[in-house]
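Working notes, structure below.
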Amino acid sequence: MNPSATGPVTRAEHCVIACAEAWRCDGEVLASPMGAVPSVGARLARLTFAPDLLLTDGEATLVGPDGEAEGWLPYRAHLALVTGGRRHVMMGASQIDRFGNQNISCVGDWERPSRQLLGVRGAPVNTLNNPVSYWIPRHSARVFVERVDMVCGVGYDRARSAGPSAARFHRIPRVVSDLGVFDFATPDRSMRLAALHPGVTVAEVREATGFALTVPAGLPYTRDPTPAELALIREVIDPSGTRDREVRR
């Protein structure tokens, strides 16, 4: 084993593990990771505990963890996966609130925003038709807000109010940031701190969050990668270290 694979685990590598765990037990679903860390995480999951996970090149080809073509995914088949709950997306959020509503469109009043962002894009379809997790590389109160300026990705409160048809495939398994892991395993489906990354305190998370979080007793830490997983991350999947450029703490 390369000596570099035995060095201390970095914050970025804990984030990779936290993202990879989002796909554990998903079975044969299409993984759609957006961002360097989720992409490394999805490939790690495929190589270890989620061998049935489907990966794509972002267009029309199913690929293996090494990027080699494994199959053809025409647009009609892709839509069937998207609308039938058989895809698990991990996307970003410019804002996210306590019920998981996500904004990637604008900051400020949508009629006259102070900043224009990506736009709504596919967020409503993603969140109502298949599981969606979120990756936020810089946790701050500007991102974790009491109320998003515009709803793009649908949260638990809005999916519930829209009725059974909207909530049929709606699920937000986890939110991963550079401080910890969050879920919605509370009675009212509001955000809960599920795990801290090693070296992070509850006080740090609360200070960087713009709403009250549920914090359970006996809070765990994100697990360390195994030696085999660490070698895969550093030597096979991401030898150029793109993960470290996305996580700077």
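For the single chain, residues carry numbers from 1 onward in sequence order.
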Within the side chain of [X], is there an N or O that forms a donor-acceptor pair under 3.5 Å with the backbone of [Y]?
X: E235; Y: L232; result: no
X: D238; Y: R234; result: no
X: D97; Y: R147; result: no
X: R98; Y: L213; result: no

Item checked: ring-ring contact (aromatic ring centres under 6.0 Å, His included) partners of residues 153-186, not counting sequence neighbours, each pair once -> H139-F182, F144-F182, Y156-H170, Y156-F184

Next item on the list: Determine which pairs satisfy ring-ring contact (aromatic ring centres under 6.0 Å, His included) with at least one residue from residues 189-231, sequence neighbours left out, and list them in order.
Entry: none

Partners passing side chain to side chain contact (heavy atoms under 4.5 Å, CB included) against [X] (at least two apart in sequence or in another chain):
X: P124; answer: V120
X: A167; answer: none
X: L219; answer: L193, L196, V202, V215, P216
X: D244; answer: T10, A12

Check: Linking Ile, Leu, Val, Met, Phe, Trp and Tyr by side-chain heavy atoms under 4.5 Å, what else ends up with V107?
Finding: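 Answer for V107: L117.
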
Notebook entry, point to check: So which residues get pulled into V148's cluster when ILVMFWY side chains under 4.5 Å apart are joined, directly or through others?
Noted result: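 Under the 4.5 Å side-chain rule, V148 groups with V145, V151.
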
For residues [X] and [Y], determine if any side-chain heavy atom of one lies less than 4.5 Å from a side-chain heavy atom of the other.
X: L62; Y: L30; result: yes
X: H14; Y: R223; result: no
X: T209; Y: E207; result: no
X: S32; Y: M90; result: no
X: D157; Y: R189; result: no
X: M91; Y: Q102; result: yes
X: D149; Y: P113; result: no
X: L44; Y: I233; result: yes

Are [X] and [Y] ion-paired here, with the side-chain N under 4.0 Å from a carboxylate O?
X: E21; Y: R174; value: no
X: D183; Y: R192; value: yes
X: R243; Y: E246; value: no

Residue pair [X] / [Y]: nearest heavy atoms and the distance that separates them:
X: G155; Y: N101; value: N-OD1, 2.7 Å
X: I17; Y: P225; value: CD1-CB, 3.6 Å
X: A208; Y: L179; value: CB-CD1, 4.0 Å
X: S105; Y: C152; value: CB-SG, 3.5 Å
X: T48; Y: E229; value: CG2-CG, 4.2 Å

Checklist line | Any residue meeting ring-ring contact (aromatic ring centres under 6.0 Å, His included) with W135, in chain and number order, not counting sequence neighbours | finding: none

Check: Which residues satisfy the ring-ring contact (aromatic ring centres under 6.0 Å, His included) test with H88, sequence neighbours excluded?
Finding: W23

Checklist line | Nearest-0.5 Å distance that lies between atom CD1 in I96 and atom CG in N103 | finding: 10.5 Å

Check: Which residues satisfy the side-chain hydrogen bond (donor to acceptor under 3.5 Å, both in side chains) test with Q116, sequence neighbours excluded?
Finding: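 For Q116, no residue satisfies side-chain hydrogen bond (donor to acceptor under 3.5 Å, both in side chains) once neighbours in sequence are set aside.
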
Notebook entry, point to check: Just wondering, are more than 12 heavy atoms of other shown residues or ligands nearer than 6.0 Å to CZ in R168?
Noted result: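 No, the 6.0 Å shell around CZ holds no more than 12 heavy atoms from other groups.
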
Check: Which salt bridge (Lys or Arg N to Asp or Glu O under 4.0 Å) pairs, counting each pair once, include a residue from residues 116-132, with sequence neighbours left out?
Finding: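 Residue pairs passing salt bridge (Lys or Arg N to Asp or Glu O under 4.0 Å), neighbours aside: none found.
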
Check: Going through the distances and angles, do N126 and R87 end up as a side chain to side chain donor-acceptor pair (under 3.5 Å)?
Finding: CA-CA 9 Å; N126 287 340; R87 180 174 72 155; 2.3 Å; yes

